[in-house]
Amino acid sequence: MGVQERLEELGVELPSVAAPLASYVPATRVGSQVWTSGQLPVVGGELPATGKVGAEVSVERAQELARTAALNALAAIDSLMGLDKVSRVVKVVGFVASDPSFTEQAAVINGASDFLGDVFGEAGVHARSAVGVAVLPKDSPVEIEVIVEIAE
């Protein structure tokens, strides 16, 4: 089953690539890998939530936002190479705008990791970093970067 069919099975529609907020491209290829720029959980051009996780944003909501940001990363990859050329997810880097006392960044980024596992199966198992930060662009609660390997 191809990735597009798997997304349909999951009831997920690949969005248009989010427009960059500054001077960068959504994704770039280096050898057999595609690296995405940080993707926010933008839906229809808007952030559905803002603020710090552990204060204004719950862990559960932040997990949903991380999933959306990962979906946006897939859209960036698809626009560059096509998702069916992805042989595996190599690494995910997740940034969580955190209340100073919040320590569950890894649980938040599970929203992205679990989604990628649902989409790619065993090929979606990846290395990962989950980093707490003071603030993210546009006051987003999460930002996700994805690195994938491309089959030749």
Side-chain angles (χ1 to χ4, degrees), residues 3-4 6-30 33-81 83 86 88-149:
V3 176
Q4 294 292 354
R6 183 64 183 139
L7 288 170
E8 288 174 17
E9 187 177 271
L10 293 169
V12 176
E13 185 176 329
L14 204 59
S16 298
V17 179
L21 299 176
S23 299
Y24 60 89
V25 294
T28 190
R29 181 177 181 170
V30 178
Q33 295 182 339
V34 173
W35 294 51
T36 71
S37 294
Q39 299 292 314
L40 302 180
V42 173
V43 176
E46 300 291 326
L47 278 174
T50 58
K52 305 292 182 277
V53 182
E56 299 90 1
V57 181
S58 70
V59 170
E60 295 77 14
R61 180 67 174 131
Q63 288 171 329
E64 294 169 4
L65 295 168
R67 179 184 186 275
T68 299
L71 179 63
N72 289 340
L74 293 185
I77 294 164
D78 186 61
S79 73
L80 188 66
M81 298 298 304
L83 287 178
V86 173
R88 73 168 292 113
V89 178
V90 176
K91 185 166 184 178
V92 170
V93 180
F95 301 95
V96 180
S98 303
D99 179 81
S101 64
F102 184 73
T103 60
E104 298 300 317
Q105 290 82 7
V108 169
I109 303 307
N110 281 347
S113 293
D114 293 346
F115 174 66
L116 293 169
D118 290 344
V119 172
F120 293 102
E122 193 62 32
V125 177
H126 52 268
R128 188 180 89 180
S129 299
V131 182
V133 297
V135 68
L136 288 167
K138 304 292 185 184
D139 200 25
S140 178
V142 299
E143 183 173 344
I144 300 291
E145 297 176 5
V146 177
I147 303 166
V148 297
E149 183 176 53

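Everything quoted here is computed from the prediction, not taken from an experiment.
Of the possible polar contacts, one joining the N72 side chain to the L40 backbone as a donor-acceptor pair under 3.5 Å is found. A donor-acceptor pair is defined here as one N or O able to donate and one able to accept, closer than 3.5 Å; no such pair exists between the side chain of S58 and the backbone of G54. Judged purely by atom type and a 3.5 angstrom limit, D99 has no side-chain atom pairing as donor or acceptor with the backbone of K52. A donor-acceptor pair is defined here as one N or O able to donate and one able to accept, closer than 3.5 Å; no such pair exists between the side chain of R88 and the backbone of G124. Using modelled atom types, no side-chain atom of S37 and backbone atom of A27 make a donor-acceptor pair closer than 3.5 Å. Put simply, the side chain of K91 never gets that close to the backbone of S129: no donor and acceptor are under 3.5 Å apart.
The distance from atom OG1 of T50 to atom CD of E56, rounded to the nearest 0.5 Å, is 7.5 Å.
Closest approach of Q39 to A76, counting heavy atoms only: NE2-CB, 4.2 Å. Taking both residues in full, the closest heavy atoms of S113 and H126 are given as OG-NE2, 2.8 Å, listed atom of the first, atom of the second, then distance.
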Walk me through it: do R61 and L65 pass the test side chain to side chain contact (heavy atoms under 4.5 Å, CB included)?
CA-CA 6 Å; R61 180 67 174 131; L65 295 168; 3.9 Å; yes
What do the steps show when you test Q105 against S98 for side-chain hydrogen bond (donor to acceptor under 3.5 Å, both in side chains), and what is the final call?
CA-CA 8 Å; Q105 290 82 7; S98 303; 2.9 Å; yes
Begin with the C-alpha distance, continue with both residues' side-chain angles, and end with the deciding distance and a verdict on side chain to side chain contact (heavy atoms under 4.5 Å, CB included) for V119 and L71.
CA-CA 10 Å; V119 172; L71 179 63; over 6 Å; no
Run the side chain to side chain contact (heavy atoms under 4.5 Å, CB included) check on I144 and V93 step by step: do they pass?
CA-CA 6 Å; I144 300 291; V93 180; over 6 Å; no
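A side chain to side chain donor-acceptor pair (under 3.5 Å) with N110 holds for exactly one of Q63, R128, E104; it is R128. Considering V146, D78, I77, T28 as possible partners of V34, the one that fulfils the side-chain contact (heavy atoms from CB on, under 4.5 Å) test is I77. Residue E143 is tested with L136, V133, V96, V131 for a side-chain contact (heavy atoms from CB on, under 4.5 Å); the sole match is L136. For the side-chain contact (heavy atoms from CB on, under 4.5 Å) with V148, the qualifying choice from V90, V86, V92, T36 is V86, the only one to do so.
Partners of S79 under the side-chain contact (heavy atoms from CB on, under 4.5 Å) rule, at least two apart in sequence or in another chain, are V17. Residues satisfying the salt bridge (Lys or Arg N to Asp or Glu O under 4.0 Å) test with R67, not counting sequence neighbours, are none.
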